[in-house]
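First comes the structure, then the notes that go with it.
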Amino acid sequence: MLGQMMDQPLLISSIARHADRRFADQEIVSFTVDNPRHRYTYRDAFSRARKLANALARHGVEQGDRIGTMAWNDYRHFELYFGVSGSGLVCHTINPRLFEDQLVFIINDASDKFLFLDPMFVGTVEALLPRLDNAPQLVILTDDGHMPETSFDAVSYEAFIADESDDYDWPLFDENTASALCYTSGTTGNPKGVLYSHRSTVLHSFGVSLPDVFDLSAKEVAMPIVPMFHVNAWGIPYATALTGTKLVFPGPKMGDPAVLQELIEEEGVTNSAGVPTVWQGLIAYLDATGKRIDSVKTLVGGGSAVPYSLMVAYEERYGVDLVHAWGMSETSPLGSMFHTSPALEKLPEEERQKARASQGAPPFGVELRIVDDEGGVLPQDGEAVGALQIRGPWIASSYFSADGPGTVGADAFTADGWFDTGDVASISPLGYMHIEDRAKDLIKSGGEWISSIELENTAVGHPTVKQAAVIAMPDEKWQERPLLVVVPEEGATIDAAELLGFFNGQVAKWWIPDAVAVTDAIPLTATGKISKLDLRKQLDAGKLTVQSPATA
Ligand code: ADP
């Protein structure tokens, strides 16, 4: 027997209509290239999103067409999120930090009809255009007064929407319709497209807003420091509209702690999300200047492992909770987040610390499991370690490709309906998941594995270390042994023997790296993570000076 309730589709436009009715006067503040404090309201944003929908319709786009964006976090990008998806088109966010070959591949694979770009990406796009199969129409996210010189035909965004009416009825369609497209950076091979749906996005927005997740409401002020061009800024722009949370966008200043601190203080930011390097940069700035971030309640860290020492530093020095979250493009990205529970509070201090340092537990909507090499499900006892798999209504079921679903990366999807994340993890009896490593970054020493993440987190707890990365070095006896690559703190000198001695008692003795290489900069991927692939290449090419204290 079926229930007898209305079958209202879960659409991104339903979030827009709700925010328009309930939270019209709530503010959206953006730092843009032309204006360090652009401010308007949700009412203004959705009025302009409807004008944009009318403008796109006038240009003959059809449902399902891909509309590319190459832009920082600001109000115009927010309008694109809603105007494009709400009208049944697919908002294809493009990461401008990708290599040119990857950009060419994804724009061709997606066949974008339009490309909306920030003025600062004109040069990037100029280089791409000759290599595109079908040139998209180009709209630059500025007004006529600030149009940059271009070698291609383009209009300004403001001119594009200027003469349109904001009278637009958001269309109704199946909630499983595609809403947005984002390619993973693809360290090897071509990037893979993740095609979100309206249903997955609305459900994910509920998940993100929950008290034990980002805790969003009209009383809060959120600033996503995760880019809108990668995994929809962790879904925050949709979730803030759903809950009426005031939004603060740092525009192109996501890596500038002075601007971030100023925005936090002046706009009263209570919740923010970023990768660990953002939080490392911000705390270094606060320590150096004596400035504060007293309005903040929660900072969420994810995208790569947040060192426990950093969580403690924020709590002790600034009274701020830096909370660990885990996810990936394929998971929208919310996969897990740390929050305590009465059951955890009853456990000994050591267990509580371990849980807090872990990547947290899945919220409703996500299930996690770990499996062994044969696909056998392992126990959630905090000890067993295996391949991490995930399923739920906001987890990808296949990759998007111009050649059709199932033609790319099909082996990541199991026959019984789970997605294999490529991460290796353990799960505690209370459900706290601990990422040991990416499967491809684990160091295999004498048939046993060593977690590079654990070693990196330990190394950054040392006062002379600013950044650390651990990669495998070939070893005759053990096949692989860990090499610790470090960037020293300003003015500090690294003493390799002393640094390795620091690991004593913090990790198993045989995990302690055999050697240290000091470098000026650790290479990063397009999503700002340590590029172990590039580090391995540097090692193979003899570009790292390796010191082994035993022989030094
Ligand atoms: P990419 O960076 O490869 O483009 P994603 O942004 O989807 O792709 O990254 C997902 C990966 O980032 C995860 O599979 C995991 O390895 C890593 N990751 C994300 N959050 C965390 C975390 N909190 N701790 C450790 N690793 C993390």
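Computed from heavy atoms alone, side chains included, the values below leave out hydrogens, waters and symmetry copies. The structure presented is a predicted model; accordingly, all values stated were derived computationally and were not measured. Counting starts at 1 for both ligands and their atoms, in listed order.
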Original post:
Nearest heavy atom to atom 26 (N) of ligand 1: which of Ser329, Ser304, Ser358 does it belong to?
Top reply: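 Looking at heavy atoms only, the winner is Ser304.
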**OP:** Return the option from Met433, His230, Met328 holding the heavy atom at the smallest distance from atom 6 (O) of ligand 1.
**Re:**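 Residue with the shortest heavy-atom distance to the ligand atom: His230.
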**OP:** Taking salt bridge (Lys or Arg N to Asp or Glu O under 4.0 Å) as the test, write out the residues that go with Arg317, two or more places apart.
**Re:**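 Partners of Arg317 under the salt bridge (Lys or Arg N to Asp or Glu O under 4.0 Å) test: Asp287.
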[X] N/O to ligand 1 N/O under 3.5 Å:
X	result
Gly302	no
Ile435	no
Gln359	yes

Original post:
Where does Ala325 meet ligand 1, judged by heavy-atom distances below 4.0 Å: at the side chain, the backbone, both, or neither?
Top reply: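 For Ala325, the contact with ligand 1 is made by the backbone alone.
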**OP:** Could you check Leu216 against Val208 for side-chain contact (heavy atoms from CB on, under 4.5 Å), going step by step and ending with a plain yes or no?
**Re:** CA-CA 8 Å; Leu216 298 179; Val208 165; 4.3 Å; yes
Show which atoms of ligand 1 fall inside a sub-4.0 Å distance from at least one heavy-atom site of [X].
X	result
His324	22 (C), 23 (N), 24 (N)
Gly303	12 (O), 17 (C), 18 (N), 19 (C), 20 (N), 21 (C), 27 (C)
Gly327	10 (C), 13 (C), 19 (C), 20 (N)

**OP:** Verify, without hydrogens or angle tests, whether Asn271 (side chain) and Phe214 (backbone) share a donor-acceptor contact under 3.5 angstrom.
**Re:**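 It does hold such a pair.
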Original post:
Between Phe413 and Tyr399, how do the two ring planes meet: parallel, tilted or perpendicular, split at 30° and 60°?
Top reply: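 The arrangement is perpendicular - the two ring planes meet at more than 60°.
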Original post:
Of all residues at least two apart in sequence or in a different chain, which pass the ring pair (Phe, Tyr, Trp, His ring centres under 6.0 Å) check with Phe400?
Top reply: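 Per chain and number, Phe400 pairs via ring pair (Phe, Tyr, Trp, His ring centres under 6.0 Å) with no residue.
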**OP:** Measure the distances from the heavy atoms of Thr525 to every atom of ligand 1 and state whether one is below 4.0 angstrom.
**Re:**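 No, Thr525 has no heavy atom closer than 4.0 Å to ligand 1.
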Original post:
Is a salt bridge present between Glu480 and Arg536, judged by a nitrogen-to-oxygen distance below 4.0 Å?
Top reply: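 Looking at Glu480 and Arg536, the cut-off is not met.
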Original post:
Hey, are Arg66 and Asp112 close enough for a salt bridge, meaning a charged N less than 4.0 Å from a carboxylate O?
Top reply: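 Result for this pair is no, no salt bridge flagged.
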